[in-house]
Participant: 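Please read through the structure below; I'll follow up with questions.
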Protein chains: 2
Amino acid sequence: MTRKIYNCEHGCAVESTLQMISGRWKSVILYHLMFDGSLRYNELQKLIPGITRRMVSLQLKDLEKDGLIYRKVVQEKPLQVVYGMTDYGYSLKEIIELLYRWGEDFNHKNAGLLEEECLTCN
Amino acid sequence: MTRKIYNCEHGCAVESTLQMISGRWKSVILYHLMFDGSLRYNELQKLIPGITRRMVSLQLKDLEKDGLIYRKVVQEKPLQVVYGMTDYGYSLKEIIELLYRWGEDFNHKNAGLLEEECLTCN
DNA sequence: CTGTATCCCCGGTGATACTG
DNA sequence: CAGTATCACCGGGGATACAG
């Protein structure tokens with residue numbers, strides 16, 4: 001995942017941020033680590049229906065590389081790893097919260113649609 | 001562009017929002033329409049280096065379909081069209097602003113990197 | 001338990017030419 | 001001026017099997 005630099009006119013900064021939290025599962029992972037607290041690899045996988053081990057790995061690796069989360073080996077044999085937000089990651093808190101609230105509102109407004117299409121609801 | 005419904009556990013709402021503003025050029029377009037005011041097709045293209053006419057069309061169409069922007073024909077012969085934010089679109093203002101500020105900070109911190117990789121800067 | 005290695009597919013996007 | 005039509009590419013992500 002090489003960071004892309006877009007056109008650097010106004011608006012570029014918005015893309016820089018989106019780049020960090022875009023990725024099929026990044027925002028959900030961030031949401032969980034932010035509001036559920038630090039979690040283990042397996043816990044994340046259980047919390048996020050549909051995600052594969054591969055994607056847990058890849059997305060976590062990206063987020064870690066960007067300094068938004070940390071990875072800590074708690075114990076070897078059996079291997080135990082914990083992921084959590086860094087301070088830098090927490091600086092995204094307000095953004096994630098706003099995205100969440102806006103989305104809640106959107107989902108509410110489009111509840112009819114969602115019920116029809118959402119396969120994993122309930 | 002069919003709206004995708006992800007796993008509807010917590011975090012789902014964040015994805016719903018991101019879905020609306022993700023897309024190669026959507027966030028920049030939103031930024032411009034939000035802070036520069038309504039703009040014509042050509043003006044948008046000029047303001048956004050690198051975007052093709054095709055993408056201007058596609059992204060605008062998506063945004064319009066989602067109710068975030070409106071399209072208004074100002075005059076026929078010669079055809080003149082203006083795009084602008086709807087009230088619903090403006091409800092994203094705080095989000096876009098935060099994304100922008102966070103990204104500015106990020107770009108600043110990584111200025112060295114950016115200078116090397118950014119092809120369209122200055 | 002916590003990952004990695006491979007293979008493959010599909011949709012988003014770029015390039016380019018055409019249109020009302 | 002404001003788009004649309006086609007084609008082609010490529011990289012993000014899914015499925016599955018393997019590994020320390």
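Just so it is clear, the model here is predicted, and its values are computed rather than measured. The analysis underlying the following values was restricted to heavy atoms, covering all of them including side chains, and did not include hydrogens, waters or symmetry mates. A note on names: the letters A, B, ... follow the listed sequences, proteins ahead of strands, and every chain is numbered from 1.
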Participant: Please assess A/Y41 against A/Y83 for the test ring-ring contact (aromatic ring centres under 6.0 Å, His included), listing each intermediate value before the final yes or no.
Facilitator: CA-CA 7 Å; A/Y41 183 86; A/Y83 292 91; 7.0 Å; no

Participant: Roughly how far, to the nearest 0.5 Å, is NZ of A/K26 from CD of B/E15?
Facilitator: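 Rounded to the nearest 0.5 Å, the CD-NZ separation comes out at 13.0 Å.
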
Participant: Is it true that a side-chain atom of A/S16 and a backbone atom of B/G103 form a donor plus acceptor pair closer than 3.5 Å?
Facilitator: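 No, because the side chain of A/S16 does not come within donor-acceptor range (under 3.5 Å) of the backbone of B/G103.
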
Participant: Can you see if the side chain of A/S57 gets near the phosphate of C/dT4 - specifically, an N or O under 4.0 Å from OP1 or OP2?
Facilitator: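 Checking A/S57 against C/dT4: at least one side-chain N or O falls below 4.0 Å of OP1 or OP2.
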
Participant: Give me the residues of residues 73-83 of chain A where at least one heavy atom lies under 4.0 Å from an atom of DNA chain C, by number, or none.
Facilitator: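 Those residues whose heavy atoms fall under 4.0 Å from DNA chain C, taken from residues 73-83 of chain A in numerical order, are A/L79, A/V81, A/Y83.
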
Participant: Distance check needed: D/dG3 C1' versus B/E43 CD, whole Å only.
Facilitator: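 After rounding, the reported distance stands at 16 Å.
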
Participant: Step by step, work out the ring-ring contact (aromatic ring centres under 6.0 Å, His included) result for B/Y88 and A/W102.
Facilitator: CA-CA 11 Å; B/Y88 190 48; A/W102 201 94; 5.1 Å; yes

Participant: Nearest whole angstrom, please: distance from the P of C/dT4 to the CG of A/L60.
Facilitator: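 So the CG-P distance, A/L60 to C/dT4, works out to 10 Å.
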
Participant: A/K61 side chain N/O closer than 4.0 Å to the phosphate oxygens (OP1, OP2) of C/dT4?
Facilitator: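 Yes, such a contact exists.
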
Participant: How many Å lie between OH on B/Y41 and P on C/dG20, as a whole number?
Facilitator: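 B/Y41 atom OH is separated from C/dG20 atom P by 16 Å.
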
Participant: What is the distance, rounded to the nearest whole Å, between atom CD of A/Q19 and atom C1' of D/dG12?
Facilitator: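 Distance, rounded to whole Å: 14 Å.
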
Participant: Take atom CG of B/L39 and atom P of D/dA2, then tell me their distance rounded to the nearest Å.
Facilitator: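 B/L39 atom CG is separated from D/dA2 atom P by 11 Å.
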
Participant: Whole angstroms only, please: what is the CG-C1' distance between B/L44 and D/dA2?
Facilitator: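 Computing the B/L44:CG to D/dA2:C1' distance gives 12 Å.
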
Participant: Tabulated below should be each protein N or O lying under 3.5 Å from an N or O of nucleotides 13-16 of chain C; please produce it.
Facilitator:
unit_1	atom_1	unit_2	atom_2	d
C/dT13	OP1	B/R24	N	2.6
C/dT13	O4	B/R54	NH2	3.4
C/dG14	OP2	B/W25	NE1	3.3
C/dG14	N7	B/R54	NE	3.3
C/dG14	O6	B/R54	NH2	3.4
C/dA15	N6	B/R54	NE	3.4

Participant: In sequence, state the C-alpha distance, the side-chain angles, and the governing distance for A/V28 and B/V14, and then conclude on side chain to side chain contact (heavy atoms under 4.5 Å, CB included).
Facilitator: CA-CA 7 Å; A/V28 207; B/V14 184; over 6 Å; no

Participant: Sequence neighbours excluded, which residues qualify as side chain to side chain donor-acceptor pair (under 3.5 Å) partners of A/N42?
Facilitator: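 With neighbours one apart ignored, the set is empty.
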
Participant: Are A/L58 and A/D62 side-chain neighbours, meaning at least one heavy-atom pair lies under 4.5 Å?
Facilitator: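 The answer is no; the side chains never approach within 4.5 Å.
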
Participant: NZ of B/K72 versus P of D/dC1: gap in Å, rounded?
Facilitator: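 Whole-Å distance recorded here is 20 Å.
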
Participant: Tell me the closest heavy-atom pair linking A/R40 and A/L79, and the distance in Å.
Facilitator: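 Nearest heavy atoms, A/R40 then A/L79: NH2-O, 4.5 Å.
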
Participant: Just so I know, are the side chains of A/Y90 and A/M34 near enough to count as touching, which here means a heavy-atom distance under 4.5 Å?
Facilitator: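 A side-chain contact under 4.5 Å exists here.
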
